[in-house]
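All remarks here apply to the structure that follows.
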Amino acid sequence: MRPNEILAALMLKERRSAEIARKFNVSKTMINRVIYGHSTSRRIQEEIADILEKPVSEIWPERAA
């Protein structure tokens, strides 16, 4: 998925990057870095995948941590 698709899908699920950031005690910037593929974090990828009800490999086929 492209980053904008991930963000749109999160919005449809009424979830925001800030909420995920608070859960993992990281910055919103870190969440966005993972979404945009600039950083990897297995736990953040898994959380986003759980929210979107998709496997990590479908969301980040080339970058799954």
Look up atom [atom1] in [X] and atom [atom2] in [Y], then write down how far apart they are to the nearest 0.5 Å.
| X | Y | atom1 | atom2 | value |
| --- | --- | --- | --- | --- |
| Glu47 | Ile20 | CD | CD1 | 6.0 Å |
| Glu53 | Glu58 | CD | CD | 11.5 Å |
| Gln45 | Ser57 | CD | OG | 10.5 Å |
| Thr29 | Tyr36 | OG1 | OH | 12.0 Å |
| Glu19 | Glu14 | CD | CD | 10.0 Å |
| Leu10 | Ile51 | CG | CD1 | 5.5 Å |

Taking all non-hydrogen atoms of both residues into account, name the closest pair between [X] and [Y] and its distance.
| X | Y | answer |
| --- | --- | --- |
| Pro55 | Ala49 | C-CB, 4.2 Å |
| Thr40 | Val34 | C-CG2, 4.4 Å |
| Pro61 | Met1 | CD-N, 4.3 Å |
| Ala21 | Lys28 | CB-N, 3.8 Å |

**Q.** Derivation of the salt bridge (charged side-chain N to carboxylate O under 4.0 Å, His left out) call for Glu46 and Arg42
**A.** CA-CA 6 Å; Glu46 287 176 349; Arg42 188 68 180 176; 3.0 Å; yes
Q) Taking the side chain from Glu5 and the backbone from Arg2, do they hold a donor-acceptor pair closer than 3.5 Å? A)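 The answer is yes, because a donor-acceptor pair under 3.5 Å joins these two groups.
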**Q.** Passing candidate, side-chain contact (heavy atoms from CB on, under 4.5 Å) with Ser17, options Ile44, Ile48, Ile31
**A.**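 One option only clears the test, and that one is Ile31.
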Q) Is Val26 close to Arg43 at the side-chain level, that is, under 4.5 Å between some pair of heavy atoms? A)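 With C-beta onward as the side chain, the pair touches.
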Q. Less than 4.5 Å apart, any side-chain heavy atom of Leu7 and any of Asn32?
A.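 A side-chain contact under 4.5 Å exists here.
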Q) Around Asn25, counting heavy atoms of other residues, nucleotides and ligands shown, do more than 12 lie under 6.0 Å from its CG? A)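 Count not over threshold, so no.
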